[in-house]
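Whatever order the structure lists ligands and atoms in, that order sets their numbers, starting from 1.
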Amino acid sequence: MSNLPNLCVQLAPRRPEGLILSNPVMIAAGIAGYGIEYAEIVDIQKLGAIVCKGTTLMPKKGNVQPRLVETADGLLNSVGWENIGVDALIGEKAPVWAGWQVPVIVNIAGETIDEYIAVSSKLEGVPGVSGIELNISCPNVSAGGMEFGVDPKLAARVTSAVKAATTLPVIVKLSPNVTDIKEIALAVEEAGADAISLINTLKSMAIDINQGKPCLGNITGGLSGPAIKPVALYMVFEAARVVRIPVIGCGGIACAEDALEFIMAGATAIQIGTANLTNPALSLDILEGIKRFMLDKGVGKLTDLIGVAQDKP
Ligand SMILES: Cc1cc2nc3c(=O)[nH]c(=O)nc-3n(C[C@H](O)[C@H](O)[C@H](O)COP(=O)(O)O)c2cc1C
C-alpha cells in the first residue's frame, strides 16, 4: 500500500461529471499565456490545472505601453485584454491542449453579457477545454470586466447567463475591489457558479516623479505579487466562511507555506501568478512543498487540510 498523500481535489461538486484535479496547484490566468511555451520549460502535466489568458470574442491588442511597473514586493500591470480571440484559441490552442493530461481552463472576458455568452457557447464541446473561468474582475479595461464583479446583481446575471450557455464547469473569478466579498461570493453561488476564484488584482497606480506623470500608459493598473497576499488570504477566508462551493485561492502565493495558508483558510485549490514569472518552476516546487508538509505532518488527504483555520479563533 502506498503512503503517498492523496492530493486530489474536486472543483465542481455540483456537476454530475465534477472537475477533479490531480492536485490543487494551478497556474493563474495571464501568467503563462496559453501554456504552450511554458510546457517547453516545465513539466506542466504534473500540475493540477492551467488557466489561460483572458479570452474575448474578437482578438484584442490590450492597453498602451508601458504596461508593467515593479513595486515593493509586487507588480503593477495594465495589460488589459490582449488575446488572440476565441476562434483562434479553438483553432490553434485547444487541439494542443487536447493531447495534454493537465486540464486547461479558459479565462473568458467580455464587455457585455452577450459577449460572455457568445464566448462560452463557442467553447462548448471543444476538446481540450475542461472549464471556464469567468473573469468579472479585470481592473484594466474601460468597459466590462470589473464592473460585473463589483455589483452582486450584475455578477449573478452574468454567471447565470454563462451557466445557461454551457455545460462546462464555470468558475467565477472575483475582484478584491469591493466592500464586502461575501455578498458577491454568495450572489454568484446562488446564480449557479461551480466554484469561485479570488483574488484578481487590486486597482492601483504608480507615479514617475521625474516626469511628473503616472508610470502606466493606462494611468491605473492592477497590483499583484507577494504584497497582496495578506489581503487575498483574508478575502479567501471570508468567502469560504459563507459559500459551499469550492473556493480557489490566488494572490501573492510565492512558496508552499503561502499555498498551505490559503488551503487552511478554506481554499480547495490555489493559483500561482506573479511569483511564477520570476521562477517558472515555482509551481512544481510548491507542489513538492505541499507533499512534503503532508508527509511530515502525517496528513493522508489534502482535503483534510481545507479550511482547518476556519474552526480555530
Ligand atoms: C501580467 C498579468 C496578466 C493577468 N491577466 C489576467 C487575465 O487575463 N485574466 C484574469 O482573470 N486575471 C489576470 N491576471 C490576474 C492573475 O491571474 C491573478 O489573479 C493576480 O495576479 C493575483 O495573483 P498573483 O499575486 O499570484 O499574481 C493577470 C495578472 C498579471 C500579473
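The side chain to side chain donor-acceptor pair (under 3.5 Å) test with Asn107 is passed by exactly one of Lys53, Glu133, Lys173: Glu133. The only member of Thr55, Leu57, Val129 that meets side-chain contact (heavy atoms from CB on, under 4.5 Å) when paired with Lys122 is Leu57.
Side-chain contact of Ser137 with Asn200: a donor-acceptor pair under 3.5 Å is present, judged by distance alone. A donor and an acceptor atom, one from each side chain of Tyr116 and Thr56, are nowhere located under 3.5 Å apart.
At the top of the distance list for atom 3 (C) of ligand 1, counting protein heavy atoms only, stands Gly30 O, 3.6 Å. Of the protein's non-hydrogen atoms, Lys53 NZ, 3.7 Å is the one closest to atom 7 (C) of ligand 1. Looking from atom 15 (C) of ligand 1 to the surrounding protein, the closest heavy atom is Asn200 OD1, 3.4 Å. The protein heavy atom nearest to atom 11 (O) of ligand 1 is Asn107 ND2, 2.9 Å. Counting only heavy atoms of the protein, atom 6 (C) of ligand 1 lies nearest to Ala29 O, 3.4 Å. Atom 12 (N) of ligand 1 has as its closest protein heavy atom Lys173 NZ, 3.0 Å. In terms of protein heavy atoms, atom 2 (C) of ligand 1 is closest to Asn77 ND2, 3.6 Å.
Residue Ile228 touches ligand 1 through its side chain alone, judged by heavy-atom distances below 4.0 Å. Under 4.0 angstrom from ligand 1, the non-hydrogen atoms of Thr274 come from both its backbone and its side chain. When heavy-atom distances to ligand 1 are checked against a 4.0 Å cut-off, Asn135 comes that close only through its side chain, counted from C-beta outward.
If you number the atoms of ligand 1 from 1 as listed, the ones under 4.0 Å from a heavy atom of Thr201 come out as 20 (C), 21 (O). Counting atoms of ligand 1 from 1 in the listed order, those under 4.0 Å from a heavy atom of Gly252 are 24 (P), 25 (O), 26 (O). Close approach of ligand 1 to Gly54 (heavy-atom distance below 4.0 Å) involves ligand atoms 7 (C), 8 (O). When each atom of ligand 1 is checked for a heavy atom of Gly225 under 4.0 Å away, the hits are 24 (P), 25 (O), 27 (O). Atoms of ligand 1 found under 4.0 Å from any heavy atom of Gly273 (numbered from 1 in listed order, with element): 24 (P), 26 (O), 27 (O).
Between Asp73 and Lys229 there is no salt bridge, since no side-chain N of the basic residue sits under 4.0 Å from a carboxylate O of the acidic one. Classification of Lys182 and Glu238 as a salt-bridged pair holds, one side-chain N sitting under 4.0 Å from a carboxylate O.
Rounding to the nearest 0.5 Å gives a distance of 7.0 Å between CD1 of Ile286 and CG of Asp258. For the atom pair Ile105 CD1 and Leu19 CG, the distance stands at 5.5 Å (nearest 0.5 Å).
Heavy atoms only, all atoms of each residue included: Ala254 and Leu282 are closest at O-CD1, 3.5 Å.
A single hydrophobic cluster is not seen to contain both Leu260 and Leu295; linkage of ILVMFWY side chains at heavy-atom distances under 4.5 Å, directly or through other members, places them apart.
For Ile199, a nitrogen or oxygen atom sits less than 3.5 Å from a nitrogen or oxygen atom of ligand 1, counting backbone and side chain alike.
Between atom 21 (O) of ligand 1 and the options Ser224, Cys250, Gly62, Ala232, the minimum heavy-atom separation is to Ser224.
Side-chain contact between Pro13 and Pro246 is present, with at least one heavy-atom pair separated by less than 4.5 Å.
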